[in-house]
Amino acid sequence: MLLLKKLSVSLLALGAAFTLAACGGEPAADGAASGDVRTIQVTTPPTSKNLSWQTTEGKILGYEPDVLRAIDKKLEGYEFNIQAVADSAQETGLKTGKYELNVGGFYPTPEREEQFYVPKEPTGRSLIKMYVREDSGIESLEDLVGKNISPFTAGGGTLRVVMDWQKENPEHKLELKESSGDIPYAQRLKEIDTGKYDAFIGPANLGQNEVIEELGLKVKETDPIYVGETIMLIYKSEQNEQLAEDVTQALKELREEGTLSEISNEYYGEDVFQYEVTK
């Protein structure tokens, strides 16, 4: 279908060129302007529900895939080929140019902004919350002094956020431990329910509330302790500089129209854009 689409468009463009020549004009040089559609290889995580995941039937669902589809509808000169790819393969593929656009709940960092094109508009918000027993009385990080905190994923962004807070609040000393491997969220939440740990701190976009409800756990989430922006990464090439600008404009329009808020409510049960980004 894509081949027929491109062939039809090319014939139309050829006809337009003859018309312009007869009028003494020049045909458009820009691919999008002449009707050409450029396919962009896009990757998204396969197991990060509700951020992005792939079903057993092969469907790619989640907040970020739907944001990508909304962007694709906005940009007539592009067609996104969305694929669910493991994190390590995503990173390698983007660095080599095998993939041209990646999403995965990424935080902006100076290293990423130097290595890739980063659209000036964020894809969303990342909310870090605490998960505690309903009767714990824990509402803030200050309340965790002397408490047993579930181990953090080694080198993860959540640990960095809490360590930065600790540096700014040295009077509130927390006991922070790292895990040797990834611990499933269901297990972490069960350990809060049983009292093994007093709190689990992590991103709120990975289906924790669904786990709590399904397992009947006496666990609740707090207000966000940190609100960050999430970004997409685009392979740095001369051709993709325009892609980054076009994606920026599309994201801006989708945010202003309320589309991003609608997608957030669908997958997260709340509008992540209601929260101010932590300075």
Side-chain angles (χ1 to χ4, degrees), residues 39-73 78-109 112 115-119 122-129 131 152-159 179-190 200 202-215 228-235 240 243 247 251 254 260 262-269 272:
T39 300
I40 306 297
Q41 303 302 327
V42 179
T43 62
T44 187
T47 58
S48 298
K49 190 177 181 178
N50 290 331
L51 179 74
S52 170
W53 78 99
Q54 188 170 34
T55 68
T56 53
E57 295 81 18
K59 293 181 179 179
I60 300 174
L61 305 174
Y63 174 82
E64 290 196 321
D66 273 17
V67 170
L68 289 169
R69 293 181 182 107
I71 294 170
D72 195 10
K73 287 181 182 178
Y78 304 95
E79 183 171 315
F80 286 1
N81 180 28
I82 303 173
Q83 306 155 68
V85 177
D87 292 349
S88 58
Q90 265 195 306
E91 183 177 354
T92 301
L94 188 63
K95 287 179 179 177
T96 61
K98 178 180 180 180
Y99 307 121
E100 293 169 288
L101 192 157
N102 285 14
V103 295
F106 301 120
Y107 284 170
T109 66
R112 284 171 175 160
Q115 189 170 13
F116 307 107
Y117 287 132
V118 176
T123 55
R125 299 272 192 273
S126 177
L127 313 180
I128 295 181
K129 298 183 178 182
Y131 294 85
F152 295 86
T153 301
T158 300
L159 176 60
S179 65
S180 57
D182 289 334
I183 304 173
Y185 284 101
Q187 180 181 332
R188 289 182 181 273
L189 294 168
K190 286 179 185 177
F200 160 56
N205 56 5
L206 299 176
Q208 289 93 322
N209 285 332
E210 292 179 10
V211 173
I212 291 169
E213 184 176 347
E214 288 171 4
L215 299 180
E229 291 183 326
T230 56
I231 58 171
M232 64 174 61
L233 308 176
I234 297 176
Y235 176 66
N240 284 346
L243 172 63
V247 167
L251 281 168
L254 291 168
L260 297 185
E262 291 174 6
I263 298 173
S264 175
N265 277 313
E266 178 179 353
Y267 287 100
Y268 301 144
V272 296

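Bear in mind that the values here come from a model prediction, so they are computed numbers and not experimental data.
Looking at every heavy atom in both residues, V247 comes nearest to P119 through CG1-CG, 3.8 Å. The shortest heavy-atom contact between V67 and L251 is CG1-CD2, 4.0 Å. Taking both residues in full, the closest heavy atoms of T123 and L260 are given as O-CD1, 4.2 Å, listed atom of the first, atom of the second, then distance.
Inter-residue side-chain proximity for W53 and L61 is flagged as met; some heavy-atom pair is nearer than 4.5 Å. You'll find the side chain of P46 stays beyond 4.5 Å of the side chain of V85, heavy atoms only. Taking 4.5 Å as the limit, every side-chain heavy atom of L189 sits out of range of all side-chain heavy atoms of L215. At a threshold of 4.5 Å between non-hydrogen side-chain atoms, the residues T44 and Q54 do not count as touching. Using a 4.5 Å cut-off on side-chain heavy atoms (C-beta onward), Q41 and K98 make no contact. When side chains are defined from C-beta on, M232 counts as touching L101, because their heavy atoms get closer than 4.5 Å. Contact of the Q83 side chain with the Y99 side chain is registered, since non-hydrogen atoms from C-beta on lie closer than 4.5 Å.
Every residue two or more places apart in sequence or in another chain was checked for a salt bridge (charged side-chain N to carboxylate O under 4.0 Å, His left out) with E262, and none qualifies.
The aromatic ring centres of Y268 and Y63 sit less than 6.0 Å apart. Checked against a 6.0 Å centroid threshold, the rings of Y185 and F200 count as neighbours.
The existence of a salt bridge linking R69 and D72 is excluded, since no basic side-chain nitrogen approaches an acidic carboxylate oxygen closer than 4.0 Å.
Looking only at distances, a side-chain donor or acceptor of T109 sits under 3.5 Å from a matching main-chain atom of R112. S52 places no side-chain N or O within 3.5 Å of a backbone atom of S48 that could act as its donor or acceptor partner. Under the 3.5 Å distance criterion, the side-chain polar atoms of Q208 are matched with a main-chain donor or acceptor of P203. Checking side-chain atoms of T92 against main-chain N and O of A89 turns up no donor-acceptor pair under 3.5 Å. Within the 3.5 Å criterion, the main-chain N or O of L206 finds no donor-acceptor partner in the side chain of N50.
No side-chain donor from either of S126 and T230 sits under 3.5 Å from a side-chain acceptor of the other.
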Stepwise, does the side chain to side chain contact (heavy atoms under 4.5 Å, CB included) test hold for Y131 with I212? CA-CA 10 Å; Y131 294 85; I212 291 169; 4.1 Å; yes
Walk me through whether Q90 and T43 qualify under side chain to side chain donor-acceptor pair (under 3.5 Å). CA-CA 7 Å; Q90 265 195 306; T43 62; 2.9 Å; yes
Please evaluate residues N205 and L127 with respect to the criterion side chain to side chain contact (heavy atoms under 4.5 Å, CB included), reporting the C-alpha separation (whole Å), side-chain torsions for both, the decisive distance (0.1 Å), and the verdict. CA-CA 7 Å; N205 56 5; L127 313 180; over 6 Å; no
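Summarising the geometry, atom CG belonging to N102 is positioned 7.5 Å from atom CZ belonging to F116; distances are rounded to the nearest 0.5 Å. The CG atom of L254 sits 7.0 Å away from the CD1 atom of I263 when rounded to the nearest 0.5 Å. In this structure, L51 CG and T47 OG1 are separated by 10.0 Å, a value rounded to the nearest 0.5 Å.
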